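To start, the structure under review is shown below, and the notes come after it.
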Amino acid sequence: MTTLLRTDRLSKTFDGKEAVKDISMTIRQGEIYGFLGPNGAGKTTVMKMITGLVRPSAGEIEFLGNPVRAGQSLELLKRMGCIIEYPVFYDRLSGRENLELHGEYMGYYNPEAVDNALSAVGLDLRDSRPVKQYSLGMKQRLGIARAMMTRPELLILDEPINGLDPVGIREMRELFRRLSRDYGMTLLISSHILGEIEQIADTIGVIRSGRLVREVAMEEVRGRDTDYIELVTPD
Ligand code: ATP
């Protein structure tokens, strides 16, 4: 499979403290990459460096063959949809109005893109309720729809399942599968709970104290005697 994103010895130091150290990872086109690690392990910092929100202290990032730098061009950013922390919306506007406003502000509004993004995430195109009446799961979907308006190659989702109830978790997993299968999207999804991502991830990268301690190809361990839980939860 083609490489979509590659990091090479990516590191970040905050006030002398190493939050991320020498992370080299490869995400292939079309895969779901689960980024697993406890709170504070450095997942968000890696994601922010990938999207250019945080400047790395050292290391390189390559996306679609182009180097990624903090403050990168809008053109490259459009190809990378990113939902870090809970997405924020105009509460009194409907989901559709939020997407329209966002598209206009960013200079890429078109009604078809709004319709496509809403239906991709399974939201009702005619729902006129204000977003303040949305459940957390619906807001997460709307956040994904907003990120999808530019049809990015890569979606980066920071703990998207956090706080959802069991039904919401199942629906969210189904959505990720659909985005991968029907839309050919590549997904980078972080989580601190293995059970949230093990069923959908093609690869799981385990991060501990800022280091990538293991990468497991799920195809190789699923359905075998290997106790992969041991593989993805090293001491
Ligand atoms: P969580 O799920 O809790 O967000 P995480 O794996 O995403 O965890 P990060 O948020 O990337 O972890 O944090 C990694 C480490 O870097 C933590 O020790 C955190 O306190 C530190 N850190 C993150 N951002 C900053 C910052 N802007 N200034 C100082 N330290 C920071």
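Atoms considered below: every heavy atom in the structure, side chains included; atoms not considered: hydrogens, waters and symmetry mates. Bear in mind the structure is a predicted one, so any value in this text is a computation, not a measurement. Order of listing sets the numbers, starting from 1, for every ligand and every atom in it.
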Worksheet entry | Residues in the immediate environment of ligand 1 (any heavy atom closer than 4.0 angstrom) | F14, K17, A19, P38, N39, G40, A41, G42, K43, T44, T45, E159

Only distances under 3.5 Å count here; give the side-chain donor-acceptor pairs of residues 133-152 to other protein atoms, sequence neighbours excluded, each with its distance to 0.1 Å.
| from | atom 1 | to | atom 2 | distance (Å) |
| --- | --- | --- | --- | --- |
| Y134 | OH | G95 | N | 3.4 |
| S135 | OG | M138 | N | 3.2 |
| Q140 | NE2 | P160 | O | 3.4 |
| R141 | NH1 | V121 | O | 2.5 |
| R146 | NH1 | V88 | O | 2.9 |
| R146 | NH2 | V88 | O | 3.4 |
| T150 | OG1 | K78 | O | 2.7 |

Discussion item. What I want to find out is whether R177 reaches E174 closely enough, with some N-O distance under 4.0 Å, to be called a salt bridge.
Written reply: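 Here R177 does not pair with E174 in a salt bridge, since their nearest N and O are not under 4.0 Å apart.
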
Please tabulate, one pair per line, all N/O donor-acceptor pairs under 3.5 Å involving side-chain atoms of residues 34-46, not counting sequence neighbours.
| from | atom 1 | to | atom 2 | distance (Å) |
| --- | --- | --- | --- | --- |
| K43 | NZ | G37 | O | 2.7 |
| K43 | NZ | P38 | O | 3.1 |
| T44 | OG1 | D158 | OD2 | 2.9 |

Worksheet item: Quick one: CG on N116 to CG on L99, what's the gap to the nearest 0.5 Å?
Response: 11.5 Å

Worksheet item: Among pairs that include at least one residue of residues 104-118, which meet salt bridge (Lys or Arg N to Asp or Glu O under 4.0 Å), considering only residues two or more places apart or in two chains?
Response: R96-D115

Worksheet item: Judged by modelled atom types alone, do E159 and S191 share a side-chain donor-acceptor pair under 3.5 Å?
Response: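 No - no donor-acceptor pair under 3.5 Å links their side chains.
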
